[in-house]
Amino acid sequence: MLIYTRKQRHTGTRVYRRLLEMYGEEFSVSLRTVQYYVAKKKQEMYQDGEGYLPLEHSPGEAQADFGSFTYQDEKGVEQEGFFLTLSFPYSNASYAQVVPGQNQECLLQGLKQIFEYIGGVPKRIWFDNLSAAVTSIHRNGKRTLTELFQKFALHYNFQYEFCNPNSGHEKGHVENKVGYIRRNFFVPVPVIPDIEEYNRTLLYRCDQDMDRTHYRKGKSIQEWFEEDKKAFGRLPKTSFDVYRLERAKADKYGKVRYAKNLYSTSPEFAQKEVWLKITYNRVIVLNDEYDIVIEHPRLYGEGLESMKWIPYLELMARRPRSLQNLAFYKELPDPWKEYLAYTTEKKKAIRLLAQMLKQEEDLSTATEALTQTLQNGCHDPDSILTTWYRLTGQIPEPVEISVPSELSQKVVFEVNLERYDKLLGGISR
């Protein structure tokens with residue numbers, strides 16, 4: 001039996017066209033009649049015969065779910081994105097936060113940001129059986145939860161409830177809100193160069209959306225949401241740091257694999273184990289003392305790689321002949337490529353780059369320092385560094401000092417050797 005996805009199921013129009021193809025002129029039924037029959041038949045096939053009970057929700061309860069949408073990044077390229085929605089059935093209020101994925105770090109980070117914005121914590125939150133929170137469902141209905149989710153719930157002191165499998169209607173309010181937010185907040189396709197900045201604006205827009213009358217209760221959603229807030233629990237004094245630690249072994253190039261993507265560490269960790277501190281948007285490499293080795297943006301996708309060259313530059317300085325065969329060299333701005341190609345102080349120049357890269361990744365100021373120094377007729381790394389210090393404000397700008405051609409007073413020094421004679425035993429001259 002073929003199983004069709006929702007977007008590939010037969011519509012009334014498609015059934016009508018297939019019947020025309022099969023029976024031609026012999027088929028004399030109208031399109032409208034076929035559409036009516038298909039709609040009625042679908043209702044008979046998919047209804048479970050029991051109907052649904054109208055649920056009443058108390059103030060302070062919430063429902064959470066993910067939704068997907070399309071957006072443009074800072075380069076104008078369309079990307080698939082996700083958003084977490086937290087809705088409040090009693091008041092019909094809702095808040096949303098854009099997240100890069102649907103993993104547990106994104107779920108908890110999104111909830112945390114909403115909690116902190118509204119200034120409280122819902123007393124009970126309903127979830128689907130999403131893998132970000134539930135690892136398995138047992139026959140007796142009990143669930144095994146992820147460790148991070150349990151810690152988060154204990155920290156913020158809320159009760160969690162999960163829908164029965166394949167029973168999304170049990171949290172129908174948030175499912176409706178996911179569609180509402182997609183239609184009203186992400187149409188037309190938004191441009192999101194900075195997710196964190198966009199999320200701050202999104203929370204404000206959710207506030208503004210409450211300034212309308214509740215569809216059933218008469219008063220504004222904002223007024224009913226005030227009743228929700230009275231039932232919220234207090235925020236804890238300390239914010240929950242949403243991350244988890246994983247052990248990983250680097251390959252011979254010092255790279256580690258996480259979620260089918262590669263992240264660089266340092267040559268000193270080749271074939272050794274490191275710790276990965278994983279947040280919703282960062283992968284931070286730590287040594288055994290939990291000191292930071294390097295930080296990466298978290299990659300979403302498969303077969304991607306994030307390479308941070310700073311820890312590798314000392315090794316490059318010791319092997320400068322291999323520089324032009326490395327991807328690092330090809331990524332450099334053209335002025336640096338030309339300079340490294342002809343300078344006789346390659347080792348010192350590479351160490352200079354390492355020093356600059358620790359403070360700026362795009363090397364824009366470093367390139368300006370190189371250009372200015374060469375224009376002034378200097379080529380050594382020390383002069384480039386001095387210019388870079390000046391451009392970054394780390395040393396004061398040089399000030400011109402006017403010196404008179406002749407000193408106003410001449411100082412005459414007289415030599416007296418008597419003290420030396422005394423030291424030598426009183427020898428007189």
Grab the two heavy atoms, one from [X] and one from [Y], that are nearest each other, plus how far apart they are.
X: Lys308; Y: Ile294; value: CB-CG1, 3.5 Å
X: Lys229; Y: Ile118; value: CE-O, 3.9 Å
X: Cys206; Y: Ala96; value: SG-N, 3.6 Å
X: Arg298; Y: Arg282; value: CB-N, 3.7 Å
X: Ser239; Y: Tyr156; value: OG-OH, 3.9 Å
X: Leu340; Y: Leu353; value: CD1-CD1, 3.9 Å

### Query
Given Thr70 and Gln79, is the side chain to side chain donor-acceptor pair (under 3.5 Å) satisfied, shown in steps?
CA-CA 6 Å; Thr70 301; Gln79 305 283 354; over 6 Å; no
### Query
Should Met356 and Ile384 be marked as a side-chain contact (heavy atoms from CB on, under 4.5 Å) after you check the CA-CA gap, both sets of side-chain angles, and the distance that decides it?
CA-CA 11 Å; Met356 294 172 170; Ile384 299 170; 4.0 Å; yes
Determine yes or no for a side-chain-to-main-chain donor-acceptor pair under 3.5 angstrom, with [X] supplying the side chain and [Y] the backbone.
X: Gln97; Y: Gln113; answer: no
X: Ser383; Y: His379; answer: no
X: Asp251; Y: Tyr253; answer: yes
X: Arg182; Y: Ser68; answer: yes
X: Ser87; Y: Ser94; answer: no
X: Asn261; Y: Gly301; answer: yes

Considering residues, nucleotides and ligands other than [X], do more than 12 of their heavy atoms fall under 6.0 Å from its [atom1]?
X: Lys249; atom1: NZ; result: no
X: Gln271; atom1: CD; result: yes
X: Lys347; atom1: NZ; result: no
X: Arg212; atom1: CZ; result: yes
X: Lys151; atom1: NZ; result: no

### Query
After noting the C-alpha distance and the side-chain angles of Tyr204 and Asp209, does the key distance pass the side chain to side chain donor-acceptor pair (under 3.5 Å) rule?
CA-CA 9 Å; Tyr204 173 76; Asp209 187 63; over 6 Å; no
Report the relative orientation of the aromatic rings in [X] and [Y]; use parallel for angles under 30°, tilted for 30 to 60°, perpendicular for over 60°.
X: Phe127; Y: Phe158; answer: tilted
X: His296; Y: Tyr263; answer: perpendicular
X: Phe225; Y: Phe232; answer: perpendicular
X: Trp309; Y: Phe328; answer: tilted
X: Phe186; Y: Phe69; answer: parallel

### Message
With a 6.0 Å cut-off on the ring centroids, do Tyr160 and Phe149 count as close?
### Response
yes
### Query
Is Asp241 salt-bridged to Lys277, cutoff N-O under 4.0 Å?
yes
### Task
Run the salt-bridge test on Glu61 and Lys123 with the 4.0 Å N-O cut-off and return the result as yes or no.
no
### Message
Let's go through Phe162 and Trp126 carefully: what are the C-alpha distance in whole Å and the side-chain angles of both, what is the deciding distance for ring pair (Phe, Tyr, Trp, His ring centres under 6.0 Å) to 0.1 Å, and is it a yes or a no?
### Response
CA-CA 6 Å; Phe162 294 96; Trp126 287 81; 9.0 Å; no
### Message
For Gln35 and Thr13: C-alpha separation, side-chain torsions, deciding distance, then whether side chain to side chain donor-acceptor pair (under 3.5 Å) applies.
### Response
CA-CA 7 Å; Gln35 289 174 330; Thr13 302; 3.1 Å; yes
